[in-house]
Every structure is written in structure tokens, then in C-alpha cells.
**Student:** 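I'd like to ask some things about the structure below.
Basis for what follows: all heavy atoms, side chains included, without hydrogens, waters or symmetry-related copies. Note that ligands are numbered from 1 as they come in the structure, with each ligand's atoms numbered from 1 the same way. What you see is a predicted model; the values in this text were computed from it and never measured.
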Amino acid sequence: MLRERIRHRPLLDRVVSADEAAALIKDGMTVGMSGFTRAGEAKAVPLALAERARKDPLKITLMTGASLGNDLDKTLAEAHVLARRIPFQSDPGLRKAINAGEVMFIDQHLSETVEQLRTNQIHPVDIAVIEAVAITEQGGIVPTTSVGNSASFAILADKVIVEINLSQPVTLEGLHDIYIPTRRPARMPIPVVTPESRVGLPFIPVPPEKIVAIVVSEKHDSSATILPPDDDTRAIAGNLTDFLLNEVKRGRMGYELQPLQAGIGTIANAVLHGFIDSPFHDLKMYSEVLQDSTFELFDAGKLGFASGSSITLSAEMYRKVLPRLVEYKHRLILRPQEISNHPEVIRRLGLICINTALEFDIYGNVNSTHIGGTHMMNGIGGSGDFARNGYMSIFVTKSIAKNGAISSVVPMVSHVDHTEHDVDVLVTEVGLADLRGLAPRERAQVIIANCVHPDYRDALRDYYVRASKRGGHTPHILEEAFSWHVALRDRGTMRSA
Ligand code: COA
């Protein structure tokens with residue numbers, strides 16, 4: 001069994017326990033681990049590391065693709081292993097440690113981490129820990145359900161630990177397309193010209209002598225925590241579908257639309273799910289995380305091809321998809337996140353980018369990351385990579401949160417992830433604001449009329465009318481701009497007293 005998975009025979013001698021492998025990680029090291037939105041993370045070594053740190057404290061900088069599954073971010077945070085964490089997380093336990101100032105979190109565009117590593121702008125990776133489905137005859141590492149930053153971590157690190165996960169199906173082999181951009185300046189164009197373009201290798205090429213330890217694990221990926229569509233997300237999907245249909249009718253694109261990118265979480269998944277009942281067909285995805293909706297669209301005959309960096313599914317969808325992977329495989333590619341999220345490719349393919357906002361303001365600035373302007377939620381992830389470079393940048397959110405105590409549309413966002421310059425369309429369950437070609441004063445009127453919950457619309461219009469009397473290109477009443485957030489902090493609601 002193991003011989004089928006470790007096909008470079010000399011490496012069979014390097015199989016060790018998770019404790020022995022974790023012992024190679026020393027205090028102060030920078031560790032690059034596989035894992036992207038709860039998919040394909042190394043599972044046994046980080047657990048052994050946390051266990052060891054409880055007896056013998058140590059701290060590391062942990063880089064990954066994105067968030068880890070199996071509660072590993074929580075476990076590592078609780079064992080006080082994490083001095084620094086790069087570039088994304090979504091765990092409530094780690095979030096708490098970040099917001100307490102215990103873990104230094106570098107919230108980074110997901111396409112950028114390995115560019116900075118490659119050029120020694122940040123501390124190099126001392127050791128990489130990569131989950132694999134197999135090691136090829138030549139010593140190439142075949143990743144599992146995500147690629148993320150694994151390829152560059154393994155290529156750039158001094159040493160590599162591989163976790164062969166026997167629970168990950170061997171049919172994953174052949175799904176990956178590992179392409180590493182050439183050095184700058186005078187970098188060659190990245191040759192991805194359609195979502196289907198295969199431009200690299202089906203494994204991560206590393207000299208086998210760099211693989212210092214191999215650990216065998218059998219733990220499954222943890223399932224996604226997204227909620228099923230509800231009335232509001234169905235309404236958001238309906239508003240977006242009507243808008244895109246109008247774009248088709250105006251001759252701007254065909255029923256196959258432009259390739260789609262959809263962000264993480266419940267809302268983005270529900271919006272894509274809504275396309276099942278739309279007139280669109282022969283859709284393609286060039287995205288980052290492939291969620292349940294990707295496979296629902298495949299099964300509904302709506303989607304022709306999907307390129308991503310990870311597959312993150314609900315428990316039910318895992319049970320359905322993994323045994324039938326061969327049926328989907330010819331329509332799927334998993335790429336390194338710097339390629340799935342690369343500005344050059346995103347611009348070339350002309351993606352329709354659909355990401356989620358926590359809040360946006362009357363001019364279209366978007367906050368995706370900071371609750372109340374100070375407390376980290378998850379991170380910007382790939383939303384900035386896509387929003388800045390897409391054909392059309394769309395942000396979706398419900399118009400209210402926490403039973404209406406919070407309006408998702410505010411006078412001024414308390415933190416800016418996506419500036420008004422990167423935001424073309426805003427959608428809530430109330431309606432849609434098409435901001436293309438509009439100046440700030442026009443944007444404010446369209447946003448207030450179309451996206452705001454009725455409970456907050458008059459108050460927001462009143463703010464804008466009073467602000468505009470003060471003049472300016474982007475009128476504001478600075479002493480009042482955050483009054484809604486202050487009211488939430490002090491009174492537990494943004495509703496006027
Ligand atoms: N202020 C405070 N809390 C808010 C809020 C606001 N304006 N808007 C939403 N929330 C809360 C919700 O109440 C919910 O809280 P709960 O977990 O206690 O129930 C939580 O935020 C998540 O909101 P939800 O409506 O369930 O949205 P989601 O699951 O679709 O996630 C983001 C939304 C913004 C958190 C998520 O999409 C994200 O992290 N985005 C940034 C990264 C990204 O876009 N990556 C994609 C690139 S491919």
C-alpha cells in the first residue's frame with residue numbers, strides 16, 4: 001500500500017512518526033505548511049508540534065495557503081505555538097488570539113506571499129510540511145485537495161516533511177497543474193489563456209534528498225461550515241442573475257458569461273448556487289476555492305470547467321464527490337494560489353468576481369475583514385487579487401446583520417479592504433447598485449436607493465443630504481462618519497435611539 005504511494009523507493013526509509021518529524025521544527029523557525037480553506041492541510045505534524053509545545057514551549061512563524069482545517073489553527077494558537085501567522089485564517093480561537101494581540105497576523109493578498117518569499121523580502125521558509133497523496137518515481141510531491149502555496153514552500157524551503165494521507169483518494173493524482181513563474185524582471189508571460197489551460201506539472205518538483213521525513217496519516221479534511229441558502233441569499237442571487245441577464249441582453253456578453261470567481265463563505269456559495277435556476281449555461285470558473293456550488297453547477301449541467309486552488313465541501317458533498325472524482329476530473333484543475341489569483345491571468349481572462357463584504361459605505365468602499373474597524377474576522381484572502389483585476393468586481397452582502405442591529409451599509413466603512421476604485425457592483429437582498437461610470441455623489445444615491453435595508457434608508461439619505469451641503473467630491477460629515485459604529489459599540493445597535 002505504502003509502496004504505491006511512495007514510488008521513489010529510497011524515500012521509503014524516511015518514514016517516521018509524527019513526533020519525530022515535528023522534532024525537526026525548532027523554536028523560532030518559519031514553517032510553510034500546506035492547507036487552503038480547510039483542505040489539504042498537513043494534519044499529523046502540526047498536532048504533534050502543538051503536543052510538544054505544551055511540555056516544551058516553542059514559537060514559530062506559520063505560513064500556509066489559507067485557513068487550516070481539523071481545528072489546527074485553534075490547537076496551535078491554544079498551545080501558544082504561533083508567534084506570527086501568514087496570510088489567512090478563519091478560526092474563532094486563533095481570531096481571539098489575534099485580536100488579543102498575542103499572535104501577529106499578517107493579512108495578505110493570497111497571490112503575494114510566495115512572490116515575497118522568492119525575492120527574500122520576508123523571512124525564508126526553513127521547513128515545509130506538505131500533505132501529499134503520493135510521491136512519484138522521481139520524488140515529485142503530488143498534493144491532495146489543495147495546492148495553495150505548497151509548491152513554492154517545498155521548492156524554497158531547506159527541508160521538506162511530507163505527510164502521505166492514505167484517506168485522500170489516489171484519483172486526485174493528475175488534477176494538479178504546478179506552474180512556477182520565472183524570475184523578475186523580464187518574467188515570461190504566464191501561459192494560462194483559458195480556465196482549462198494546463199501549463200505545468202502534475203506534481204511539485206523537488207530533489208528527493210530534500211525530503212527529510214515522511215509521515216503517514218489517515219485523517220480526513222474537515223468539512224465546510226457554510227450554511228444552506230436562505231430567503232436573503234436567494235434574493236441576492238436573484239438580483240445578480242437579473243443584472244447579468246440584462247448585460248447579456250445588451251450584447252455585452254453571451255449566456256456563458258465571463259469566467260466566474262466566487263469568494264468564500266455562505267453568501268458567495270449561495271449566490272453561485274442560485275445560477276442553477278438561471279438561463280446561463282456553459283459557464284466556466286477560474287476561482288480560488290471550489291465550494292459545494294461548483295459541483296452542484298456541474299451536476300445541473302450548467303458548468304463546463306472549474307479551475308481553483310482547493311476543493312472545500314460540506315460533509316454531504318464530500319461523500320458524493322470524492323468517490324466520483326474521476327467523473328469530474330477532466331473538468332477540474334487545482335493550481336498554486338499565485339496562479340489562481342494572479343493579477344495577470346485574472347485581467348487576461350476577464351473574470352466576473354463575486355466576493356462578500358461585511359459592510360460597505362455610501363460611496364462603495366468595502367470592508368471584508370474588520371468588525372467595528374478593529375477586530376479581525378478572517379482576512380482579505382484573495383478578494384483583493386480578484387476585485388482589483390477582474391472584468392467586473394461585484395460585492396454581495398445581506399443589508400443587515402445581527403437581527404437588524406447592524407446595517408451593512410454605513411456612512412463610512414470602519415476599515416477599507418477594497419476602495420471605491422475596485423468596486424463595480426454592490427448587491428444585497430434589497431437590490432443592486434451598478435456603480436460603473438458613476439462619480440461618488442451619483443454612487444451614493446444609487447447605493448442608498450437600491451441596497452440599504454428600509455429600516456436604515458432614511459437615516460443614511462439624511463446623512464448624505466447633510467454631508468453634500470458641506471461640499472466636496474466625496475462629501476462627509478467627519479465628526480459623524482463613524483457614529484453608527486459608535487452607537488453599535490455603546491448601545492448594541494446602529495438604530496437611532
Ligand atoms: N458587522 C459585524 N458583523 C457582521 C457584519 C457587520 N457589518 N456583517 C456580517 N457580520 C457577521 C454575521 O452576523 C456572521 O456572524 P456569525 O458568524 O456570528 O453568525 C459573520 O459576520 C459572517 O457573516 P455571514 O453573513 O455568515 O457571511 P459569510 O459566511 O458569507 O462570510 C465574510 C462573510 C466577509 C466574513 C467572508 O466572506 C470573508 O471572510 N471574506 C473575506 C475573504 C474573502 O473574500 N475571500 C474570498 C476570496 S476568493
**Student:** Does anything in residues 423-432 pair up under side-chain hydrogen bond (donor to acceptor under 3.5 Å, both in side chains), and if so which pairs, sequence neighbours excluded?
**Tutor:**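 Qualifying pairs, neighbours excluded: S399-E429.
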
**Student:** Taking only residues two or more places apart in sequence or in another chain, which ones pass side chain to side chain contact (heavy atoms under 4.5 Å, CB included) with N99?
**Tutor:**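 Counting only residues at least two positions away or on another chain, N99 forms a side chain to side chain contact (heavy atoms under 4.5 Å, CB included) with R95, H375, M376.
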
**Student:** Can you sort out the partners of D490 under salt bridge (charged side-chain N to carboxylate O under 4.0 Å, His left out), two or more places apart, ordered by chain and number?
**Tutor:**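 Per chain and number, D490 pairs via salt bridge (charged side-chain N to carboxylate O under 4.0 Å, His left out) with no residue.
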
**Student:** Identify the protein atoms, limited to N or O, that lie within less than 3.5 Å of an N or O atom of ligand 1, and list each pair with its distance to 0.1 Å.
**Tutor:**
from	atom 1	to	atom 2	distance (Å)
ligand 1	7 (N)	L358	O	3.0
ligand 1	8 (N)	L358	O	3.4
ligand 1	13 (O)	K402	NZ	3.2
ligand 1	15 (O)	K402	NZ	2.9
ligand 1	18 (O)	K402	NZ	2.7
ligand 1	29 (O)	T266	N	3.2
ligand 1	30 (O)	T266	N	3.3
ligand 1	30 (O)	I267	N	3.1
ligand 1	37 (O)	I264	O	3.3
ligand 1	39 (O)	N378	ND2	2.7

**Student:** Find out whether N365 and V423 are in side-chain contact, i.e. whether some heavy atom of one side chain is under 4.5 Å from a heavy atom of the other.
**Tutor:**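 The answer is no, as the side chains (C-beta and beyond) never meet within the 4.5 Å cut-off.
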
**Student:** Does any donor atom in the side chain of T37 or T312 lie under 3.5 Å from an acceptor atom in the other side chain?
**Tutor:**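 T312 and T37 do have a side-chain donor-acceptor pair below 3.5 Å.
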
**Student:** Indicate the ring-plane relationship of H415 and H370, choosing parallel, tilted or perpendicular according to the 30° and 60° boundaries.
**Tutor:**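 Aromatic pair H415/H370 classed parallel.
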
